[in-house]
Amino acid sequence: MKGRILIIEDEPGMRLGMSHFLSSSGYAVSPCEDGADGLAAIEKGSFDIIITDLKLPKYDGLSILNHAKKISPETGVIIITAYAEVKTAVQAIKDGAFDYIAKPFSNEELLITIERFMKFRSLEAELSRLRESVTEKTGFENIIGVSPAMKDVFDRISSIAKTDVPVLIQGESGTGKELVANAIHNLSLRKDKPCIKINCAAIPENLFESELFGHEKGAFTGAAEVRKGRFERANGGCIFFDEIGDMPMGLQAKLLRVIEEHTVTRLGGNEPVKVDVRGIYATSKNLKDCAAAGKFREDLFYRINVVPIIIPPLRERKEDIPYLIEHFLKYFGDKYAKPELKVAPSAYNALLSYHYPGNVRELKHALERAVLLSKNGLIDFKTLPDEFSAQGIGCPQFNNLPVNTPLQKGIVFLEKQMIMNALKESGGKKIEAARKLGISRKVLWKKLKEYSIE
Ligand SMILES: Nc1ncnc2c1ncn2[C@@H]1O[C@H](COP(=O)(O)OP(=O)(O)OP(=O)(O)O)[C@@H](O)[C@H]1O
Ligand SMILES: [Mg+2]
């Protein structure tokens, strides 16, 4: 069966003729003889196409069209008109009909119009599939990434979002930990309940307990009212502990107890209150090292590290950079009403090769600034922050140095690279290379020996 067609036509000969022809062409056909029957059929059945006469007893073709568009917007409506009604037919197209055919028409004409609609719809479906697969390829919700590391992150999120297991998100500052935490909450069964965030690095130690657990009236000086803590406010939802590595040790023990017993007791209170919350934790520190150094409780670490999600720094997944650039340019282009932005090759290269100590956040801010400074839609080198021009443009290898390289080793590396570049540029002529480097021939010769450069 090629598709389901509803025919609404009061003239018996036409109705029968079309029904017969379309059935024999492979369609399932339901014929109706007036507008009221037609409307009832639309409400009951589901059709790929409705072919309706304009002039009908009871309801006319335009009412059928409007009704069909409301009930089943993806159904195609083809209007049959008499010659004199062409104006109305044009109105019908404006109202969302797929097309009209004027009487008298041949079976072939009818079939061509029907098949054009079927083709149109399958193209539309394909387009939306393609759109979906593009977002599948480059991201997840609003998290952009195509690198294997990011694909692992997406996989993890999908497989644990709907469970209640604790998640520990690890990554340097600006890698997107909060974005991932939000995605987990939004994809979880708790999405309609709150996701309460607590930044452990920003709350003074003496306020921590009342923030988390709340307090009764008069629990301490200044506690004039009863106050619910964040655990109670997050009840039914998630609680997101950002920078969990910065939580004071004393409080870690209390947190562990809450996690194990699912109850909190307000400061100054003695009735434990049941809480049902899912914990999501993020850290830019290596908690295992913190535990080994006695700065983080090992038992808490094992409790929260059930599902680790590790987001690598941006410099270790450079293949994500072009997609992030595109994403942020679109975002800021829309935000600041600067459409059709172009990036000059020099700026693009600098964006690709920079080492991003501040990770995605740094790229995002750089592009926001660049969009604002851009003139005539061009993002060029001048619009980028100084760090991008200070980097070793002539020696991109420098950007591949791990951030924790000792300074001395990094300087030696850079010096060696610069000497080799100067030699290359001067075609191996040492006098010229020395001049380029602003050093004497003797110093150059000494360095060549020191670094065993041929
Ligand atoms: N993969 C990504 N796709 C799109 N935007 C991202 C991505 N990663 C990070 N961002 C954006 O970069 C900024 C920083 O992200 P986020 O706040 O989640 O980082 P973080 O790891 O929590 O940083 P911090 O440790 O400093 O709190 C946000 O504006 C976020 O939207
Ligand atoms: Mg954060």
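Order of appearance sets the numbers: ligands from 1, and atoms from 1 within every ligand. Since the structure is predicted, the reported quantities are computational estimates derived from the model, not experimental observations. The figures that follow rest on heavy atoms only: side chains count, while hydrogens, waters and symmetry mates do not.
- In this model, a donor atom of one side chain and an acceptor atom of the other lie less than 3.5 Å apart for His67 and Glu43.
- With a 4.0 Å cut-off on non-hydrogen atoms, Phe328 touches ligand 1 through its side chain and not its backbone.
- Residues Arg303 and Glu260 are paired through a salt bridge, judged by an N-O separation under 4.0 Å between the basic side chain and the carboxylate.
- Nearest to atom 1 (N) of ligand 1 among the protein's heavy atoms is Ile144 O, 2.9 Å.
- Using a 4.0 Å cut-off between charged side-chain N and carboxylate O, Arg190 and Asp164 make a salt bridge.
- Within the structure, the closest approach of Asn142 to ligand 1 falls below 4.0 Å when heavy atoms are considered.
- Looking at Ser173 against ligand 1, both its backbone and its side chain come within 4.0 Å, counting heavy atoms.
- Within 6.0 Å of NZ in Lys436 there are more than 12 heavy atoms belonging to other residues, nucleotides or ligands.
- Of all atoms in ligand 1, numbered sequentially from 1 with element shown, those under 4.0 Å from a heavy atom of Ile143 are 1 (N), 2 (C), 3 (N).
- Atom 15 (O) of ligand 1 has as its closest protein heavy atom Gly176 CA, 3.7 Å.
- If you number the atoms of ligand 1 from 1 as listed, the ones under 4.0 Å from a heavy atom of Leu324 come out as 2 (C), 3 (N), 4 (C).
- The pair Lys285-Asp289 does not count as a salt bridge, with every side-chain nitrogen at least 4.0 angstrom from each carboxylate oxygen.
- Among the atoms of Leu179, some N or O lies under 3.5 angstrom from an N or O of ligand 1.
- No side-chain donor-acceptor contact under 3.5 Å links Thr265 and Glu271.
- In terms of protein heavy-atom proximity, atom 17 (O) of ligand 1 is nearest to Arg361 NH2, 3.2 Å.
- In Glu178, the parts holding a heavy atom less than 4.0 Å from any atom of ligand 1 are both the side chain and the backbone.
- Considering backbone and side-chain atoms alike, Lys177 places an N or O below 3.5 Å from some N or O of ligand 1.
- Under the 3.5 Å distance criterion, the side-chain polar atoms of Asn186 are matched with a main-chain donor or acceptor of Asn182.
- The protein atom (non-hydrogen) at minimum distance from atom 10 (N) of ligand 1 is Val360 CG1, 3.4 Å.
- Ring orientation note: the planes of Phe117 and Phe98 are nearly perpendicular, at an angle over 60° on the 30°/60° scale.
- Classification of Lys288 and Glu298 as a salt-bridged pair fails, no side-chain N sitting under 4.0 Å from a carboxylate O.
- With respect to atom 28 (C) of ligand 1, the closest heavy atom belonging to the protein is Lys364 NZ, 4.0 Å.
- At a 4.0 Å cut-off, at least one heavy atom of Gly174 sits close enough to ligand 1 to count as contact.
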